[in-house]
Engineer: 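This is the structure I have questions about; it appears just below.
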Amino acid sequence: MRWTRYPLSTMKETPAEAEIVSHRLMLRAGLIRRLAAGIYTWTTFGLLTLRKVEAIIREEMDRAGAFEVLMPAVQPAELWQESGRWAEYGPELLRFTDRGERAFVIGPTHEEVITDLVRRELQSYRQLPVNFYQIQTKFRDEVRPRFGVMRGREFIMKDAYSFHIDEASLAEGYEQMRVAYTRMFTRMGLTFRAVRADSGAIGGSASEEFQVLADSGEDAIAFSDVGDYAANLEMAEALAPAAPRAPARAALQRAETPNVRTIAALTKFLAVPAAQCAKTLLVEGASGGVVALVLRGDHELNAVKAQKLPGVASPLRMASPDAVLAASGAEPGYVGPVGLACPVIADRSAAALADFVCGANARDTHFTGVNWGRDLPEPEVADLRNVVAGDPSPSGQGTLSIARGIEVGHIFQLGRKYSDAMNCAVLDEAGRSTNLYMGCYGIGVTRVVAAAIEQNHDDRGIIWPEPIAPFQVVLVPINIARSQRVRETADRLYDELTRAGIEVLLDDRDARPGAKFADAELLGIPHRIVVGERGLDAGKLEYRHRRAEASEDCPLDDALGFLRARLAPR
RNA sequence: CGGGGCAUGGCGCAGUCUGGUAGCGCAUCUGCUUUGGGAGCAGAGGGUCGCAGGUUCGAAUCCUGCUGCCCCGACCA
């Protein structure tokens, strides 16, 4: 493509609304333009990448044996009333009526429509299992759309729904999707993890999120350096320390600690490591009263784990300062498990402490040399904390790292929720009507593009992973208006590379070199060839990969061969 | 939904407090010069100042209402 004939406009300045890198770069590079809150136009240029992502998804879904369909964006309310979600779904569901006052929704997802289709079309277990997918525009009236296309209201999603005669078949279908997703994101050149997720309200036995790793991600995930264990931080189990608790050596002593209310202050004041301190949090109990949760000083409470404990109120609520005073006799900052009347639950690591430091339940006082079993009863033990980097993996292999991720895909075993509600059944081998088991599998297609940028950029612009780059090569002729030699060489190269099937953007604008370089870097095209008088004199072109620090020479008479050796196979 | 903020040419902003000719940078167009890291000079085009009322001789500016958008907290692809 010749730049001067292409509807592409870049921006030097960033629109004020753009908060995160991918949003800024997508606007500056001209991939998207905003129409309304959370609603964007994809430009001709932006579509190049979007279509590549879609193509990879299609190929892998087809390879996995799924069948593409295209369902309507507009759906009748009756289906949603039948599934029960008309009432369950909140204001995120965009509802409207047509001229005949009939109620409709704009689909945020398509379980109802596909279930309706399948119950009409399939009659026999012989037609199963089957998986239908589509790539289609969805609408969710998000409370707070933000970050451009990352959390838009209108977005493109690949959603797939599989149907099975029994749970074993569902598990197989689910596993096939897991494999397909892994192939897709690998092919897109993204660094990602399949993460165990809380199957949550939807229910079902299994659920995994596919998270693209990026520092700006909204989700924290823990993953092992050995094997493929990965889980949401809330879900990752913190194992008990491998070593048994050390024997008590120190004597229980009372220490004056005026105005020392935090672990940080305590470690300084008494010159003890945080890992030798116990912090005691009082939370509301399930049936009134309070419960003491004891953690090591260097650990954080995991609210999801805590509120799952039978004695603890769910959702988790911290006890009020008054309740803390009433239960412990001290204000927050001096609470400790010694002599507490309320139930005490210790994190596995805290329970393994010996000779530890904790609050003495009296103002300006702590205990040192505290030991479970000797100075206070052995506590109830539970997993209460967030895992931290370096913890052993719950899989038993390797140690954990913590990273941030962007959720780009989610696969679920739904079970029979929709087939029961909507009476979606076939006849089984015995001729009995049987409701089907369902799986559902989503990918945020538009979000994938944003996530790819979040993961792959520098301060100059985007750095596209090659498989989803809008162009493979950018040709930058220097001083094209003056030098006929440069122009002719660039034209010839452009024709040659294009004929060879390479996607080339020729920057044939009469612009200064600096402006062209800056734009090429902003657009993030992986391979750059510079044509200039300087090089031509020496029979050379100049090549540089978008990630490379420096340029290298490229032979003028074999640019094609030179490039082919560097382009990713398609 | 609760809290805060913004709305002035395509983009980024000043002007609003203290009413009086609508301005700056970038971008765009023309000409000349320039050409290896976002050029210089000269000129040009482009704005119902979010919308509707009101106050006033006069409103971007003051008052009222509305709308749109952005940012901070509970979900999701």
Side-chain angles (χ1 to χ4, degrees), chain A residues 9-20 23-24 27-28 30 33-39 53 57 89-93 107-110 135-160 181 185 197-198 200-202 207-212 218-219 232 303 315-316 405-412 440-451 460-461 476-483 486-487 507 509-522 528 530-537 541-542 544 551:
Chain A
S9 63
T10 58
M11 274 188 281
K12 202 148 96 178
E13 284 175 290
T14 312
E17 77 215 36
E19 187 68 7
I20 59 169
H23 190 193
R24 277 202 292 270
L27 289 170
R28 288 225 290 138
R33 294 290 181 237
R34 192 183 70 86
L35 180 65
I39 300 179
V53 170
I57 292 172
Y89 230 96
E92 256 191 22
L93 181 62
T109 175
H110 281 69
I135 294 177
Q136 204 239 22
T137 298
K138 308 280 195 225
F139 193 93
R140 294 184 188 170
D141 202 351
E142 286 278 344
V143 181
R144 188 145 102 77
R146 56 186 141 170
F147 304 149
V149 113
M150 186 76 87
R151 183 186 292 270
R153 292 194 293 172
E154 183 176 303
F155 59 101
I156 297 173
M157 178 166 150
K158 187 286 300 175
D159 48 329
Y181 273 39
F185 294 123
D198 195 349
I202 301 185
S207 163
E208 280 158 291
E209 294 171 353
F210 283 75
Q211 298 265 359
V212 167
E218 292 187 85
D219 302 320
N232 271 325
L316 188 76
I406 298 164
E407 184 186 351
V408 291
H410 202 157
I411 57 178
F412 277 100
C440 80
Y441 318 95
I443 292 179
V445 180
T446 36
R447 181 182 282 185
V448 165
V449 177
R460 297 178 171 192
V476 183
I478 301 294
N479 199 1
I480 194 171
R482 278 279 184 87
S483 169
V486 165
R487 184 172 356 135
D507 190 351
R509 296 175 298 172
D510 178 21
R512 299 175 70 88
K516 291 188 175 193
F517 292 150
D519 271 339
E521 282 153 0
L522 173 63
R528 185 184 81 185
V530 175
V531 184
E533 289 276 354
R534 212 161 74 181
L536 291 184
D537 290 337
L541 300 165
E542 187 182 299
R544 186 144 157 191
S551 302

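Below, chain A is the first sequence line, B the second, and so on; all start at residue 1.
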Engineer: When you check the phosphate oxygens OP1 and OP2 of B/G36, does a side-chain N or O of A/R534 lie under 4.0 Å from one of them?
Structural biologist: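 It does not, given that no N or O in the side chain of A/R534 lies less than 4.0 Å from OP1 or OP2 of B/G36.
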Engineer: So what does A/D219 hit on the nucleic acid, given a heavy-atom distance under 4.0 Å: a base, only sugar-phosphate, or nothing?
Structural biologist: base
Engineer: Would you say B/U34 has OP1 or OP2 under 4.0 Å from some side-chain N or O of A/R482?
Structural biologist: yes
Engineer: Starting at CG of A/D510 and ending at P of B/U30, how long is that distance when rounded to a whole Å?
Structural biologist: 12 Å
Engineer: Across the strands shown, which category fits A/G152 at heavy-atom distances under 4.0 angstrom: base, sugar-phosphate, nothing?
Structural biologist: base
Engineer: Heavy atoms under 4.0 Å, any strand shown: does A/R33 hit a base, just sugar-phosphate, or nothing?
Structural biologist: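 Nothing, no nucleic acid heavy atom in range.
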Engineer: Which atom pair, heavy atoms only, marks the closest approach of A/D507 to A/P477?
Structural biologist: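 Of all heavy-atom pairs spanning A/D507 and A/P477, the closest is O-CD, 3.2 Å.
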Engineer: What contact category does A/V448 fall into here, base, sugar-phosphate, or nothing, at under 4.0 angstrom with non-hydrogen atoms?
Structural biologist: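 The residue A/V448 makes no contact with any strand.
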Engineer: From the set B/C70, B/G38, B/G12, return the single nucleotide nearest to any side-chain atom of A/R28.
Structural biologist: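 Per side-chain heavy atoms of A/R28, the pick is B/G38.
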Engineer: Which nucleotide, if any, forms a Watson-Crick or G-U wobble pair with B/C49, using both distances under 3.5 Å?
Structural biologist: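 WC or wobble partner does not exist here.
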Engineer: Heavy atoms under 4.0 Å, any strand shown: does A/R24 hit a base, just sugar-phosphate, or nothing?
Structural biologist: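 No contact at all - A/R24 keeps every heavy atom at 4.0 Å or more from the nucleic acid.
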Engineer: When you compare B/A7 with B/G43, how far apart are their P atoms, in angstrom units rounded to a whole number?
Structural biologist: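 B/A7 and B/G43 have their P atoms separated by 32 Å.
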Engineer: Which base, if any, makes a Watson-Crick or G-U wobble pair with B/C13, both distances under 3.5 Å?
Structural biologist: B/G23
Engineer: What's A/T14 touching, base or sugar-phosphate or nothing? Going by heavy atoms closer than 4.0 Å.
Structural biologist: sugar-phosphate
Engineer: Compare the minimum distances between each of B/U34, B/A77, B/C71 and the side chain of A/E19, then state the nucleotide with the smallest one.
Structural biologist: B/C71
Engineer: So what does A/G409 touch, heavy atoms closer than 4.0 Å: a base, only the sugar-phosphate, or nothing?
Structural biologist: sugar-phosphate
Engineer: Give a yes or no on whether the backbone of A/P108 and the side-chain of A/R140 come within a donor-acceptor separation of less than 3.5 Å.
Structural biologist: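 Between the backbone of A/P108 and the side chain of A/R140 there is a qualifying donor-acceptor contact (under 3.5 Å).
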Engineer: Provide, to the nearest angstrom, the distance between the CG atom belonging to A/D519 and the C1' atom belonging to B/G37.
Structural biologist: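 So the two atoms are 12 Å apart, to the nearest Å.
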Engineer: Taking the side chain from A/R34 and the backbone from A/I39, do they hold a donor-acceptor pair closer than 3.5 Å?
Structural biologist: no
Engineer: In whole Å, measure the gap between the P atoms of B/G53 and B/C11 for me.
Structural biologist: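 The answer is 26 Å between these two P atoms.
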Engineer: When rounded to the nearest Å, what value does the distance between P atoms of B/G5 and B/A14 take?
Structural biologist: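 So the two P atoms sit 16 Å from each other.
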Engineer: Considering only heavy atoms and no angle criterion, is a donor-acceptor pair shorter than 3.5 Å present between the side chain of A/R146 and the base of B/C72?
Structural biologist: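 No such pair is found, so the answer is no.
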Engineer: How would you summarise protein contacts on nucleotides 1-9 of chain B per nucleotide, using B for base, S for sugar-phosphate only and - for none, with heavy-atom distances below 4.0 Å?
Structural biologist: B--------
Engineer: When we call it a touch if two heavy atoms are under 4.0 Å apart, what does A/D159 touch: a base, just sugar-phosphate, or nothing?
Structural biologist: nothing
Engineer: Given 3.5 Å as the limit, does a donor-acceptor pair link the side chain of A/E407 with the main chain of A/Q211, or not?
Structural biologist: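 Pair absent, no side-chain N/O of A/E407 close to backbone of A/Q211.
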Engineer: State which of B/C69, B/A77, B/G38 makes the closest approach to the side chain of A/M157.
Structural biologist: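 Within the option list, the nearest is B/A77.
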Engineer: Report yes or no: does A/T446 contribute a side-chain atom to a donor-acceptor pair with the main-chain N or O of A/I156 at less than 3.5 Å?
Structural biologist: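 A pair under 3.5 Å: yes.
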Engineer: Could you tell me how far apart A/L27 (CG) and B/C11 (C1') are, to the nearest whole angstrom?
Structural biologist: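 The answer, rounded to whole Å, is 11 Å.
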Engineer: For A/Y181 and A/G409, which heavy atoms make the closest approach, and how far apart are they?
Structural biologist: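 That would be CE2-CA, 4.3 Å.
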Engineer: Just how far, in rounded Å, is P of B/G38 from CZ of A/R509?
Structural biologist: 14 Å
Engineer: Out of B/G38, B/G73, B/C11, which has the shortest distance to the side chain of A/M11?
Structural biologist: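 The closest nucleotide is B/C11.
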Engineer: Using the P atom on both, measure B/G9 against B/A22 and round to a whole Å.
Structural biologist: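 Comparing P positions in B/G9 and B/A22 gives a spacing of 15 Å.
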Engineer: Round to a whole Å and report the spacing from CG of A/L316 to C1' of B/A74.
Structural biologist: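 A/L316 atom CG is separated from B/A74 atom C1' by 15 Å.
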Engineer: Given that A/E17 and A/R447 both sit by RNA chain B, which one's nearest nucleotide is further toward the 5' end?
Structural biologist: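 Between the two, 5'-proximity favours A/E17.
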Engineer: For B/C13 versus B/G31, give the span between their C1' atoms, rounded off to a whole number of Å.
Structural biologist: 30 Å
Engineer: Over how many whole Å does the gap from A/I478 atom CD1 to B/G37 atom P extend?
Structural biologist: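 Computing the A/I478:CD1 to B/G37:P distance gives 8 Å.
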Engineer: Sort out the partner of B/U55 for me: Watson-Crick or G-U wobble, both distances under 3.5 Å, none otherwise.
Structural biologist: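 Pair assignment: B/U55 / none.
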Engineer: Tell which nucleotide pairs with B/G43, taking only Watson-Crick or G-U wobble pairs whose two distances are both under 3.5 angstrom.
Structural biologist: B/C29
Engineer: Under 4.0 Å, heavy atoms only, any strand: does A/Q136 hit a base, just the sugar-phosphate, or nothing?
Structural biologist: nothing
Engineer: When we call it a touch if two heavy atoms are under 4.0 Å apart, what does A/A37 touch: a base, just sugar-phosphate, or nothing?
Structural biologist: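 Sugar-phosphate contact only - A/A37 comes under 4.0 Å of backbone atoms but never of a base.
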Engineer: Which nucleotide wins on minimum distance to the side chain of A/P513, given the candidates B/U35, B/A77, B/C70?
Structural biologist: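 The nucleotide sitting nearest to the side chain is B/U35.
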Engineer: So for A/E521 and B/G37, does any side-chain atom that can act as donor or acceptor lie under 3.5 Å from a complementary atom in the base?
Structural biologist: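 Pair found.
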Engineer: For B/A60, give its Watson-Crick or G-U wobble partner with both distances under 3.5 Å, or none.
Structural biologist: none
Engineer: Mark yes or no for whether A/R153, through its side chain, and A/F139, through its backbone, hold a donor-acceptor pair below 3.5 Å.
Structural biologist: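 Between the backbone of A/F139 and the side chain of A/R153 there is no qualifying donor-acceptor contact (under 3.5 Å).
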Engineer: Over how many whole Å does the gap from A/E209 atom CD to B/C75 atom P extend?
Structural biologist: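 From A/E209 CD to B/C75 P: 12 Å.
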Engineer: Do A/F155 and the base of B/A77 stack face to face, with centres under 5.5 Å apart and an angle between planes under 30°?
Structural biologist: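 Ring-base stacking flag set for A/F155 and B/A77.
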Engineer: Taking the same atom, C1', in B/U34 and in B/G38, what whole-Å distance lies between them?
Structural biologist: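 Each nucleotide's C1' atom is 15 Å from the other's.
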Engineer: Go ahead and name the base partner of B/G73; Watson-Crick or wobble counts if both distances stay under 3.5 Å, otherwise write none.
Structural biologist: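 B/G73 is paired with B/C1.
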Engineer: Checking contacts here: which listed nucleotide (B/G38, B/C75, B/C69) is nearest the side-chain heavy atoms of A/E92?
Structural biologist: B/C75
Engineer: Considering only atom P, compute the distance from B/A77 to B/G10 and round it to an integer number of Å.
Structural biologist: 38 Å
Engineer: Under 4.0 Å, counting only non-hydrogen atoms across every strand here, what does A/E542 touch: a base, just sugar-phosphate, or nothing?
Structural biologist: base
Engineer: Examine the base of B/G36 for any acceptor or donor lying under 3.5 Å from a partner atom in the side chain of A/N479, and report the outcome as yes or no.
Structural biologist: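 For A/N479, whose side chain was compared with the base of B/G36, there is no donor-acceptor pair (under 3.5 Å).
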Engineer: To the nearest Å, how far apart are A/F147 CZ and B/C69 P?
Structural biologist: 17 Å
Engineer: Watson-Crick or G-U wobble partner for B/U35, using a 3.5 Å limit on both distances?
Structural biologist: none
Engineer: Can you tell me, in whole Å, how much space there is between the C1' of B/C6 and that of B/C49?
Structural biologist: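 After rounding to an integer number of Å, I get 14 Å for this pair.
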Engineer: Looking at every heavy atom in both A/R487 and A/A481, which two are closest together, and how far apart are they?
Structural biologist: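 Smallest interatomic distance, heavy atoms only, reads NH2-O, 4.0 Å.
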Engineer: On a plain distance test, is the side chain of A/R151 in donor-acceptor contact with the base of B/C75 below 3.5 Å?
Structural biologist: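 By the distance-only test, yes, there is a pair.
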Engineer: On RNA chain B, does the nearest nucleotide to A/G38 precede the nearest nucleotide to A/G514 from the 5' side, or the other way round? Give the residue.
Structural biologist: A/G514
Engineer: Apply the test salt bridge (charged side-chain N to carboxylate O under 4.0 Å, His left out) to residues A/E19 and A/R146: give CA-CA distance (whole Å), side-chain angles for both, the deciding distance (0.1 Å), then the verdict.
Structural biologist: CA-CA 8 Å; A/E19 187 68 7; A/R146 56 186 141 170; over 6 Å; no
Engineer: Would the distance check show the side chain of A/K158 and the main-chain N or O of A/I57 forming a donor-acceptor pair, the cut-off being under 3.5 Å?
Structural biologist: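 Side chain of A/K158 to backbone of A/I57, a donor-acceptor pair under 3.5 Å: no, none is there.
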Engineer: Please report the closest heavy-atom contact between A/P145 and A/G38, naming both atoms and the distance.
Structural biologist: CB-CA, 3.8 Å
Engineer: Answer yes or no on whether A/R447 is positioned over the face of A/F147, meaning its NZ or CZ is under 6.0 Å from the six-membered ring centre and within 45° of the axis.
Structural biologist: no
